[in-house]
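Below is one structure; the comments refer to it alone.
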4 protein chains.
Amino acid sequence: MGIYERKQREKEQRKIEIINAARTVFSNKGFNSATMEEIASQAELSPGTLYLYFKNKEELHTSLSIEILKHLADEIQTVVNKNISVEEKIESFYDVFIDVYNYDPNILINLFHLQSGETLQNLSDEVLQQIKTYSAMAHGAIIDVVKQGIEQGAFIDEHPVALADIIWASYSGIVLWVDSKRLLNNQKDFVKSTLKTAFKIIGKGLKKK
Amino acid sequence: MGIYERKQREKEQRKIEIINAARTVFSNKGFNSATMEEIASQAELSPGTLYLYFKNKEELHTSLSIEILKHLADEIQTVVNKNISVEEKIESFYDVFIDVYNYDPNILINLFHLQSGETLQNLSDEVLQQIKTYSAMAHGAIIDVVKQGIEQGAFIDEHPVALADIIWASYSGIVLWVDSKRLLNNQKDFVKSTLKTAFKIIGKGLKKK
Amino acid sequence: MGIYERKQREKEQRKIEIINAARTVFSNKGFNSATMEEIASQAELSPGTLYLYFKNKEELHTSLSIEILKHLADEIQTVVNKNISVEEKIESFYDVFIDVYNYDPNILINLFHLQSGETLQNLSDEVLQQIKTYSAMAHGAIIDVVKQGIEQGAFIDEHPVALADIIWASYSGIVLWVDSKRLLNNQKDFVKSTLKTAFKIIGKGLKKK
Amino acid sequence: MGIYERKQREKEQRKIEIINAARTVFSNKGFNSATMEEIASQAELSPGTLYLYFKNKEELHTSLSIEILKHLADEIQTVVNKNISVEEKIESFYDVFIDVYNYDPNILINLFHLQSGETLQNLSDEVLQQIKTYSAMAHGAIIDVVKQGIEQGAFIDEHPVALADIIWASYSGIVLWVDSKRLLNNQKDFVKSTLKTAFKIIGKGLKKK
DNA sequence: TATGAATGAGGTTTCATTCAT
DNA sequence: TATGAATGAAACCTCATTCAT
């Protein structure tokens with residue numbers, strides 16, 4: 001490995017450290033209350049250093065979403081490649097989503113923050129492109145499964161994109177909603193059980209007969 | 001009408017004007033980029049006046065959500081009271097949700113902002129209570145319908161709250177998700193059609209047989 | 001009593017009510033933290049009304065000092081007019097001061113606020129004149145006694161104004177200082193006993209032999 | 001000198017610069033009329049920088065008092081340690097007080113502002129502790145001298161704390177009072193001569209016989 | 001590359017004061 | 001005379017970002 005490569009790798013490593021610190025702080029404080037100084041302190045770096053790796057606060061925050069989107073896309077693709085029935089694949093999506101939820105329950109808040117319109121302006125084209133790419137990958141994989149199901153006559157004959165949207169959006173919505181109920185009313189965490197039921201219902205609703 | 005009543009009504013009217021101005025600005029700019037000064041200017045009032053009617057920026061923003069929550073709760077209750085089958089009631093929820101979406105597509109972003117945890121601190125107890133109340137009302141009405149369905153043997157025998165959560169959260173998630181796709185990819189607005197399909201699927205998934 | 005006179009008297013009465021309300025609020029909150037709205041509310045009036053009786057907040061605050069200055073001047077003059085020895089008169093000042101302190105311990109803070117330079121600008125000439133007048137009266141009476149003492153050969157032969165200053169200022173300083181010690185360290189209120197000792201010492205120090 | 005030490009020293013130096021700027025502005029305008037922006041401008045810094053060194057306006061203002069309290073405590077202690085009689089020590093206090101007065105006549109206004117109750121809330125515990133400490137040191141030294149005097153049979157047998165209070169408070173009161181007379185009536189500055197007489201009187205009043 | 005002190009724009013909020021009723 | 005809703009200036013303070021070292 002040459003010197004250039006090592007440098008690149010160190011740089012990549014440092015970037016990951018910053019992202020991890022940012023995740024912690026953003027998760028606890030939310031986007032606005034989190035300060036760059038606190039993130040820097042969490043990463044055991046100085047504020048100025050963050051700007052060597054990320055254009056601004058917005059972009060640092062966005063990279064959290066990108067990271068998880070990338071992860072989601074990978075996991076979903078793995079499910080798609082498995083040699084199992086489409087019904088089983090749809091069911092397996094549940095495991096993927098729960099996996100992400102376990103990884104960081106607050107991650108979805110980040111994803112939604114990203115989607116709140118307020119944010120889309122300040123992003124650089126490069127970052128925006130990444131989001132679109134990974135988003136399309138994750139979503140595309142779901143669409144593929146749905147398409148297979150329709151072709152095989154297993155699923156109802158609706159627009160595959162719409163069906164994939166429903167799967168995806170229901171998942172997101174449930175996580176956010178159940179989580180907010182937990183916060184507002186000090187309830188237990190029912191995300192997993194609710195999500196399980198949702199997949200059962202949607203899975204059943206998808207079936208042709 | 002006495003002088004006191006007229007004053008009260010003017011005051012209520014003024015509050016509505018401010019809320020309308022706030023909706024416009026928050027919708028365009030998002031919570032953080034919106035400034036109190038801009039809202040005041042939009043309402044043709046001075047900044048200080050806003051604070052006669054709302055404790056702070058947070059609470060003004062929250063009142064948008066309360067307003068729509070109240071509306072939602074009312075509409076859902078109307079559906080519940082109708083003399084139709086539970087299946088038809090579930091279907092009718094679609095109309096309610098679409099109705100709200102048409103009223104102001106950005107309003108849901110507000111609701112989700114509210115639920116992002118970042119916000120809950122600065123709210124006065126009174127406002128927090130209102131949110132909980134209307135939220136419980138809307139959700140409670142859905143739960144009631146689900147319960148009826150289960151009792152009548154029409155719906156699958158799952159925890160009614162979980163089922164209601166799925167309906168509610170899927171709706172929210174779809175609106176947010178499809179809306180963000182629209183923004184990111186300059187697509188057409190597929191919220192309504194996607195929501196229609198979702199209700200079909202979920203309705204079917206809910207059925208016992 | 002004519003209609004004009006009655007009106008005048010009612011006006012005077014209203015003014016006193018406002019001053020009493022102001023004293024309460026200023027005493028509890030200090031000059032800056034006290035708001036005109038709170039004073040109005042305490043006086044069971046509306047904010048606007050205060051401005052019919054007082055030019056501004058500063059002047060309202062100042063009239064507290066004027067009121068007490070007037071009172072002090074009267075009381076001191078009464079002592080001066082008594083048919084007792086100068087030594088007894090000096091001793092009697094102690095009673096006057098304690099009397100004022102009992103009337104409102106915070107009043108001196110007001111007096112000192114008045115003297116803090118920060119305030120003197122915004123006062124109307126009329127008010128400023130009043131302060132000077134009553135201040136001169138109260139102080140002048142003390143000076144007179146001191147002069148008598150010196151003439152009678154009872155007191156040391158120093159500048160009478162300086163001696164009066166010392167009496168007056170020591171009194172003020174002790175009230176403020178002991179009061180602040182009480183606040184800072186949660187001590188008992190030693191103002192009276194300290195003041196008593198002070199008068200003993202100063203009285204003794206004043207004597208010629 | 002290492003790099004760390006130099007940085008520390010620069011930091012300390014910067015703090016002093018800010019304090020000096022603050023003294024100038026607070027002296028001219030008083031606490032409320034002084035603005036952070038003006039202080040920053042006087043210090044040739046930006047407003048934000050002030051907040052790197054002081055928590056808020058209140059604390060910056062308080063540090064002026066702390067600085068002078070520290071100085072006072074030191075000077076008084078020096079007098080106490082001198083090998084002179086108690087009577088001479090009491091007399092020497094006069095020099096100390098005049099010294100402080102010459103250093104900055106407005107500083108006492110600050111001290112009294114500090115004691116006006118209105119202020120004590122916003123201070124950090126650390127700052128409050130400092131005030132108590134230095135205040136106790138300065139006052140304690142005076143008490144020691146008075147105690148010595150009583151033990152040696154030179155002074156009257158009163159509570160030493162009360163006697164020290166009288167010395168201290170009379171000093172403060174005279175400075176404030178004479179200064180305000182100067183401001184109000186455009187008189188000459190009689191603080192020093194009045195203070196001299198006061199010490200003579202009090203000194204004489206303290207003597208046992 | 002890393003630092004971290006300094007910046008300074010700009011936002012929220014308060015509240016003395018006004019004025020139409 | 002009394003009201004009290006509305007004003008709007010102005011202040012404090014924060015914090016993303018920069019840049020000399």
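Just so it is clear: chains get the letters A, B, ... in the order the sequence lines come, proteins before strands, and each one is counted from 1.
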If you measure only the distance, is there a donor-acceptor pair under 3.5 Å linking the side chains of C/S46 and C/T49? yes
OP1, OP2 of E/dA2 versus side-chain N and O of A/R14: anything below 4.0 Å? yes
Round to a whole Å and report the spacing from CZ of C/F31 to C1' of E/dA16. 10 Å
Taking atom C1' of E/dT14 as reference, at what distance in whole Å does atom CG of D/N32 sit? 14 Å
What is the distance from CD of D/Q8 to P of E/dA5, rounded to the nearest Å? 9 Å
Indicate, with a heavy-atom threshold strictly under 4.0 Å, whether B/T49 touches base, sugar-phosphate, or nothing. base
For C/I18 and F/dT1, give me the distance from atom CD1 to atom P, rounded to whole Å. 12 Å
Whichever of D/L52 and C/E37 has the more 5' nearest nucleotide on DNA chain E, that residue is D/L52
Does the pair B/E17/B/R14 count as a salt bridge with the N-to-O cut at 4.0 Å? yes
Pairing partner (Watson-Crick or G-U wobble, both distances under 3.5 angstrom) of E/dA2: F/dT21
Identify, between B/E44 and D/K57, the residue whose nearest nucleotide on DNA chain F lies closer to the 5' end. B/E44
Hey, does D/L50 reach any base, or is it just sugar-phosphate, or nothing, if we go heavy atoms under 4.0 Å? nothing
I want to check something: taking the side chain as every heavy atom from C-beta on, are A/F54 and A/T62 in contact at a cut-off of under 4.5 Å? no
Whole-Å distance between F/dA2 C1' and C/L45 CG? 8 Å
Calculate the interatomic distance between A/R6 atom CZ and E/dT1 atom P; express it in whole Å. 15 Å
Compare the minimum distances between each of E/dT17, F/dT17, E/dA2 and the side chain of C/M36, then state the nucleotide with the smallest one. E/dT17
Phosphate OP1/OP2 of F/dC19 contacted by A/Y51 side-chain N/O (<4.0 Å): no
Identify whether any heavy atom of C/F54 sits under 4.0 Å from a base atom; if not, whether one sits that close to sugar-phosphate; answer base, sugar-phosphate or nothing. nothing
Looking at F/dA16, which nucleotide sits across from it as a Watson-Crick or G-U wobble partner, both distances under 3.5 angstrom, or is there none? E/dT7
In this structure, OG of B/S63 is separated from CD of B/E58 (nearest 0.5 Å) by 11.0 Å
So B/F26 and B/F31, would you call those rings parallel, tilted or perpendicular, with 30° and 60° as cut-offs? parallel
Take B/T35 and B/G48, find for each the nucleotide of DNA chain E with the closest heavy atom, and name the residue whose nucleotide sits nearer the 5' end. B/T35
What is the distance, rounded to the nearest whole Å, between atom CD of C/E59 and atom P of E/dA16? 15 Å
Roughly, in whole Å, what's the span from CD in A/E58 to P in F/dC15? 16 Å
Do the side-chain N or O atoms of D/S46 get closer than 4.0 angstrom to the phosphate oxygens (OP1, OP2) of E/dG8? no
